[in-house]
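The block underneath contains the structure these notes are about, expressed in structure tokens.
Numbering of residues begins at 1 and proceeds along the displayed sequence.
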Amino acid sequence: MSERIKMTQGTGSTALHYEIIPVGNDWLILLTGGDAHIGCTAIGDDGRLCSYTPQSHKDDALAIPLAKKVSQTLTCVCTVVAGFHLDEITREEITAVVENADSGMIQVLKVIGEKMDQKK
């Protein structure tokens with residue numbers, strides 16, 4: 001596989017860690033935080049989407065929007081494997097994770113877009 005791009009959005013217990021891996025013309029994104037695990041896999045293909053979330057997990061809230069947005073915006077296949085867990089998470093911490101995910105999505109789109117432009 002080609003170059004892996006690592007980035008972190010946020011700080012402390014609510015930080016999200018991204019590993020962005022080019023796979024040919026497609027993209028694999030590992031999105032983790034807190035106690036990392038596999039909580040959802042989402043595949044976007046030009047805006048179409050399929051996903052699987054194991055029972056009792058809520059990581060689809062992180063994986064689905066990212067896979068859909070990357071695939072739609074950059075016209076590619078994007079698979080996101082997400083897992084974030086924080087014991088006894090508070091409402092404030094949930095808000096911080098959501099804000100980190102929103103900001104992270106913007107950064108991921110920028111990084112992948114730049115890499116795709118370099119390939120042209």
For [X] and [Y], work out which heavy atoms get closest and say how close.
X: Ser51; Y: Cys40; answer: CB-SG, 4.4 Å
X: Cys76; Y: Asn25; answer: CB-O, 3.9 Å
X: Ala82; Y: Ala63; answer: CB-CB, 3.8 Å

Contact list for residues 3-55, test ring pair (Phe, Tyr, Trp, His ring centres under 6.0 Å), sequence neighbours left out: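 Qualifying pairs: His37-His57.
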
Check: Thr90 main-chain N/O paired with Glu93 side-chain donor or acceptor under 3.5 Å: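 Checking the backbone N and O of Thr90 against the side chain of Glu93, a donor-acceptor pair under 3.5 Å is found.
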
Below 4.5 Å, heavy atoms only, C-beta onward: do [X] and [Y] meet side chain to side chain?
X: Lys115; Y: Glu3; answer: yes
X: Thr8; Y: Leu16; answer: no
X: Met7; Y: Val108; answer: yes
X: Thr41; Y: Val80; answer: no
X: Val70; Y: Ile112; answer: yes
X: Val98; Y: Leu62; answer: no

Heavy atoms of other groups near Lys110 NZ, more than 12 under 6.0 Å: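 Counting other residues, nucleotides and ligands, NZ of Lys110 stays at 12 neighbours or fewer.
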
Heavy-atom neighbours of Leu109 CG exceed 12 at 6.0 Å: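 Atom CG in Leu109 is packed in, count exceeds 12.
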
Residue from Leu30, Ile29, Leu28 passing side-chain contact (heavy atoms from CB on, under 4.5 Å) with Ile21: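 Among Leu30, Ile29, Leu28, the one meeting side-chain contact (heavy atoms from CB on, under 4.5 Å) with Ile21 is Leu28.
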
Verdict with reasoning, Phe84 to Thr32, per side-chain contact (heavy atoms from CB on, under 4.5 Å): CA-CA 5 Å; Phe84 178 93; Thr32 59; over 6 Å; no

Atom [atom1] of [X] and atom [atom2] of [Y]: how far apart are they, to the nearest 0.5 Å?
X: Ile5; Y: Glu114; atom1: CD1; atom2: CD; result: 9.0 Å
X: Met105; Y: Leu31; atom1: CE; atom2: CG; result: 9.5 Å
X: Leu49; Y: Ile43; atom1: CG; atom2: CD1; result: 8.5 Å
X: Ile89; Y: Thr95; atom1: CD1; atom2: OG1; result: 9.0 Å
X: Gln107; Y: Ile20; atom1: CD; atom2: CD1; result: 9.5 Å

ILVMFWY cluster, Ile94 and Leu86 together (side-chain gap under 4.5 Å):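 Same cluster: Ile94 reaches Leu86 through Ile, Leu, Val, Met, Phe, Trp or Tyr contacts under 4.5 Å.
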
Those residues that, when tested against Glu19, pass side chain to side chain donor-acceptor pair (under 3.5 Å) (two or more places apart):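 Applying side chain to side chain donor-acceptor pair (under 3.5 Å) to Glu19 gives Arg4.
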
Qualifying side chain to side chain donor-acceptor pair (under 3.5 Å) pairs, either residue in residues 70-82, two or more places apart: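 Residue pairs passing side chain to side chain donor-acceptor pair (under 3.5 Å), neighbours aside: none found.
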
